[in-house]
Amino acid sequence: MNPFSVQNIKHTQDITGLSTEDSAKYIAGGTNLIDLMKLQVETPSQLINLSQWEDEQSITEHDDHYRVGAMVTNTALANYAYHKPSLSLLSQALLSGATVQLRNRATTGGNLLQRTRCYYFYDTTKACNKRQPGSGCDALTRMNRIHAILGTSDDCIATHPSDMAVAMMALDAKLLLTAKSGNERVVPVREFYCEPGSTPHIENILENEEVITAVIIPKQRHGSQYYRKVRDRSSYAFALVSVAAGLVVKGNRIEKVTLGFGGVGTKPWFPVSAIKVLTGAEFSDEVLDLAIDAELADAKVYGSNNFKPDLLRNTFKSVLNSLYEHQCENDDYEGALYEN
Ligand code: SF4
């Protein structure tokens, strides 16, 4: 690991006017960045340590939203969301991620900004446009079992690994961003991440020296909710496919559907086309197929990940069918379909 200095942030005002070096990196729980530094994928000369940022360690409830400080740990957020029926999707997603030890360290802001787990990104002997722009992409023609089928480009097919971000996307969360100048702006999670295009090293719309301060989650009804994660083993593994879903039905009509997909997109995937087909439709097996067909219309497979469209279709239909049965039997139910 290269030598680096550490500067601790305790309060939001410490960020404004901060003196940073060109290769400085923000660090919070360090559950991803430290690994990247050990492998020489990241070589910052300065770390701005946010883990002691006292102003952003709590969750507050307001009339129409929850405000989650960026330094709230994944464990604390999962526990809080577990007791709020409209956030049960978020709790399920968080509890499906990583391990207890990692969730105790990992923060809300850091989780959203974690890097891909593409094997070639972590191996500095391999070609990777995300790590080294213009060097190529070994994943395109080699082992790509964990890679994306939606939002891909000829320069990168890596997935975003966060379960929490998929749930935040589905729940229409917004991010409060603060710049070193002190300026703040609010950006929907659905608009935060970038598809790789020809610049896979640019992963989100954060501007120079902006930091995620908090996540705002609107209070909305999502009905019965379920986060199903399909992976190679049942713990401490990233999603091959995940489906975050909430469903409100009246009679047989879909009044509202809440959706997010993980493991299939180059960013946490918001399935706009599927939601459009489902909203207001009569629930049926056929309409589920039409919805997933619409979402998969532009999907592309790369060899080892050829199984993903079918796996996504089956997971999506199974989750929606379970939610439908549960919602029909429990009319005004709001909360988790299955407890973790
Ligand atoms: Fe790098 Fe993206 Fe290719 Fe993986 S898929 S090797 S992250 S460019």
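Start at 1 and go down the list; that is how both ligands and their atoms are numbered.
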Student: Do Gln114 and Asn111 get their side chains close enough for a donor-acceptor pair, meaning under 3.5 Å?
Tutor: yes
Student: Among side-chain atoms of Asn305 and His147, is any donor-acceptor pair under 3.5 angstrom?
Tutor: no
Student: Is it the side chain (CB and beyond), the backbone, both or neither of Pro200 that lies under 4.0 Å from ligand 1, heavy atoms counted?
Tutor: neither
Student: Atom CG of residue position Asp298 - does it have more than 12 heavy atoms of other residues, nucleotides or ligands inside 6.0 Å?
Tutor: no
Student: Starting from atom 2 (Fe) of ligand 1, locate the nearest protein heavy atom and write down its residue, its atom name and how far away it is, to 0.1 Å.
Tutor: Cys156 SG, 2.4 Å
Student: So if you build clusters from Ile, Leu, Val, Met, Phe, Trp, Tyr with side-chain heavy-atom gaps below 4.5 Å, do Ile59 and Leu112 land together?
Tutor: yes
Student: I need the atoms of ligand 1 closer than 4.0 Å to a non-hydrogen atom of Asn129, numbered in the order shown.
Tutor: 1 (Fe), 8 (S)
Student: Using only heavy-atom distances, determine whether the side chains of Thr125 and Asp123 contain a donor-acceptor pair under 3.5 Å.
Tutor: yes
Student: Considering only protein heavy atoms, which is closest to atom 5 (S) of ligand 1, and at what distance to one decimal place?
Tutor: Ile157 N, 3.3 Å
Student: Relative to the heavy atoms of Ala127, which atoms of ligand 1 are at a distance of less than 4.0 Å?
Tutor: 6 (S)
Student: Counting only heavy atoms closer than 4.0 Å, does ligand 1 sit against the backbone of Asp155, its side chain, both, or neither?
Tutor: backbone
Student: Counting only N and O atoms by type, is there a donor-acceptor contact under 3.5 Å from the side chain of Lys308 to the main-chain atoms of Gly263?
Tutor: yes
Student: Go through the side-chain N and O atoms of Gln7 and Gln46 and say whether any donor and acceptor fall under 3.5 Å apart.
Tutor: yes
Student: Report the member of Tyr120, Tyr302, Tyr122 with the shortest heavy-atom distance to atom 6 (S) of ligand 1.
Tutor: Tyr120
Student: Can you pull out the closest protein heavy atom to atom 3 (Fe) of ligand 1? Residue, atom name and distance to 0.1 Å, please.
Tutor: Cys137 SG, 2.3 Å
Student: Using a 4.0 Å heavy-atom cut-off, which part of Cys118 comes near ligand 1: side chain, backbone, both, or neither?
Tutor: side chain
Student: Nearest protein heavy-atom contact for atom 1 (Fe) of ligand 1: which residue, which atom, what distance?
Tutor: Cys128 SG, 2.3 Å
